[in-house]
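Please read these numbers as outputs of a predicted model, since none were measured by experiment. Note on naming: letters A, B, ... go to the chains in the order of the sequence lines (proteins, then strands), and numbering restarts at 1 for each one.
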Amino acid sequence: MTTNPYAAPIVDWYATHQRDLPWRRPDAGPWAVLVSEIMLQQTPVARVLPVYHEWLARWPSPADLAKEPAGEAVRMWGRLGYPRRALNLHRIAQAVVERHGGRVPDDHGRLLELPGVGSYTAAAVASFAFGGRHSVLDTNVRRVLARLVSGEEFPPKATTSAERRLADSLLPDEDAPTWGVAVMELGALVCTARSPRCADCPVAERCAWRLAGKPGYDGPPRRGQRYAGTDRQCRGRLLAVLRNADGPVPKAALDAVWDEPVQRERALDALIADGLVDPLDDGGYALPG
DNA sequence: CACTCGTGGTA
DNA sequence: TTACCAAGAGT
């Protein structure tokens with residue numbers, strides 16, 4: 001028995017309103033689910049879709065990717081952003097081959113040991129790919145629970161133990177994965193950050209935030225992350241040069257895309273430290289081999 | 001814990 | 001146009 005009064009209406013809503021996404025289809029195995037979850041970190045579905053298809057067509061199993069140079073993963077990643085995730089997927093593939101016989105582990109703790117797999121992704125894979133009972137606490141779920149249960153427009157900046165406890169308390173004994181994906185989908189399609197479509201919400205009558213008159217967010221101002229002129233933009237440009245080149249490039253090709261030399265060298269050193277760029281003996285640079 | 005780490009779409 | 005936002009993780 002569950003004490004979650006939201007489960008039935010939200011799961012019913014999901015049954016008729018869910019998007020047809022490839023990683024939710026029956027033929028999507030654990031590797032496909034894991035690839036999708038890494039790609040979806042901080043990245044919209046629409047931009048993930050084409051890369052996801054290319055990726056799995058080329059590397060249908062972890063072993064297929066593990067055989068490749070890491071640079072191939074970085075190149076395939078394209079402009080998805082946060083390219084360390086491409087490196088993480090390559091390292092994950094190698095770890096899965098070396099430590100788990102080529103199979104993505106189903107255990108939450110074992111998943112957490114993989115690079116780039118944190119609390120959310122471990123729960124998502126254990127739940128969606130293996131049917132495990134875990135709270136998937138992503139930005140969508142946090143926002144839905146903040147409004148529906150806590151009566152606040154937005155959740156705290158960082159996930160709190162109270163949020164974790166709340167999510168755990170709502171986790172159904174049966175079919176927890178469907179509850180999790182249904183709440184996520186509700187947050188993605190209806191209970192959105194900007195202008196929630198409460199008229200289409202299956203639990204609007206129970207929503208604490210709506211019933212309270214939708215009070216405005218009163219927490220500390222959430223800093224907007226600037227991009228222009230930052231090291232991140234510089235890194236992005238440098239790596240784009242290497243992605244777009246067939247092979248190694250001379251240093252001059254990197255110098256050409258960023259004027260400020262101190263920042264440029266710092267960004268390049270950071271890329272090398274991350275393993276995203278290989279400095280060559282001849283002074284050139286390449287994607288990692 | 002606050003900060004870093006890409007990129008592009010939207011209001 | 002600026003600002004916010006998008007299935008987070010690592011330090």
What does A:L21 touch in the nucleic acid at a heavy-atom separation under 4.0 angstrom: a base, only the sugar-phosphate, or nothing? base
Looking for any heavy atom pair under 4.0 Å, which part of the strands does A:L80 touch: base, sugar-phosphate only, or nothing? base
Hphob cluster co-occupancy, A:L276 + A:W77, side-chain heavy atoms under 4.5 angstrom: no
Show your reasoning for whether side chain to side chain contact (heavy atoms under 4.5 Å, CB included) applies to A:F128 and A:V136. CA-CA 10 Å; A:F128 303 150; A:V136 284; 4.0 Å; yes
Can you tell me the distance, in whole Å, between the CG atom of A:L239 and the P atom of B:dC5? 13 Å
Could you tell me the separation between the CG atom of A:L145 and the P atom of C:dA7, rounded to a whole number of Å? 14 Å
Ignoring hydrogens, what is the shortest heavy-atom contact between A:V97 and A:A66? Give both atom names and the distance. CG2-CB, 4.0 Å
With the threshold set at 4.0 Å, does a side-chain nitrogen-carboxylate oxygen contact exist between A:R264 and A:D255? yes
Choosing from B:dT7, C:dA7, C:dC5, which nucleotide comes nearest the side chain of A:M184? C:dA7
All N/O contacts under 3.5 Å from nucleotides 8-11 of chain C to the protein, with atom names and distances to one decimal?
{"unit_1": "C:dG8", "atom_1": "OP2", "unit_2": "A:Q42", "atom_2": "N", "d": "2.9"}
{"unit_1": "C:dG8", "atom_1": "OP2", "unit_2": "A:Q42", "atom_2": "NE2", "d": "3.2"}
{"unit_1": "C:dA9", "atom_1": "OP1", "unit_2": "A:G118", "atom_2": "N", "d": "2.9"}
{"unit_1": "C:dA9", "atom_1": "OP1", "unit_2": "A:G118", "atom_2": "O", "d": "3.4"}
{"unit_1": "C:dA9", "atom_1": "OP1", "unit_2": "A:T121", "atom_2": "N", "d": "2.9"}
{"unit_1": "C:dA9", "atom_1": "OP1", "unit_2": "A:T121", "atom_2": "OG1", "d": "2.7"}
{"unit_1": "C:dA9", "atom_1": "OP2", "unit_2": "A:Y120", "atom_2": "N", "d": "3.3"}
{"unit_1": "C:dG10", "atom_1": "OP1", "unit_2": "A:G116", "atom_2": "N", "d": "2.7"}

Pick the closest DNA chain B nucleotide for A:A158 and for A:R79 by heavy atoms, then say which residue is nearer the 5' end. A:A158
With a 4.0 Å cut-off, would you call A:E185 and A:R19 a salt bridge? yes
Would you call A:R58-A:E72 a salt bridge at under 4.0 Å N-O? yes
Could you give the CG-to-P distance, from A:D274 to B:dC5, as a whole number of Å? 9 Å
Between A:R142 and A:Y120, is any side-chain donor less than 3.5 angstrom from a side-chain acceptor? no
Are A:K251 and A:E265 within salt-bridge range, i.e. N to O under 4.0 Å? yes
Between B:dG8 (C1') and A:R232 (CZ): distance, integer Å: 13 Å
Same cluster or not: are A:L211 and A:V144 linked, directly or through other Ile, Leu, Val, Met, Phe, Trp or Tyr residues, by side-chain heavy atoms under 4.5 angstrom apart? no
For the pair made of CD in A:Q233 and P in B:dG8, what is the distance, rounded to whole Å? 11 Å
Taking atom C1' of B:dT4 as reference, at what distance in whole Å does atom CG of A:L276 sit? 14 Å
Check: protein-nucleotides 9-11 of chain B nitrogen or oxygen pairs below 3.5 Å:
{"unit_1": "B:dG9", "atom_1": "N2", "unit_2": "A:R194", "atom_2": "NH2", "d": "3.0"}

Looking across every strand, which nucleic acid part, if any, lies under 4.0 Å from A:W23 by heavy atom: base, sugar-phosphate, or nothing? base
Side-chain N or O of A:R143 versus OP1/OP2 of C:dA6: is the shortest distance under 4.0 Å? yes
Within the 4.0 Å heavy-atom criterion, would you say A:A193 contacts the bases, only the backbone, or no part of the nucleic acid? sugar-phosphate
Atom CG of A:L87 and atom P of B:dG6: how far apart are they, to the nearest Å? 11 Å
Tell me if the CG atom of A:N244 is crowded by more than 12 foreign heavy atoms within 6.0 Å. yes
Nearest whole angstrom, please: distance from the P of B:dG6 to the CZ of A:R226. 18 Å
Pick the P atom in C:dA7 and in B:dA11, then give their distance to the nearest Å. 15 Å
Please report the distance separating the P of B:dC3 from the corresponding atom of C:dC4, rounded so that it comes out in whole Å. 15 Å
P atom, C:dT11 versus B:dG6: distance in rounded Å? 14 Å
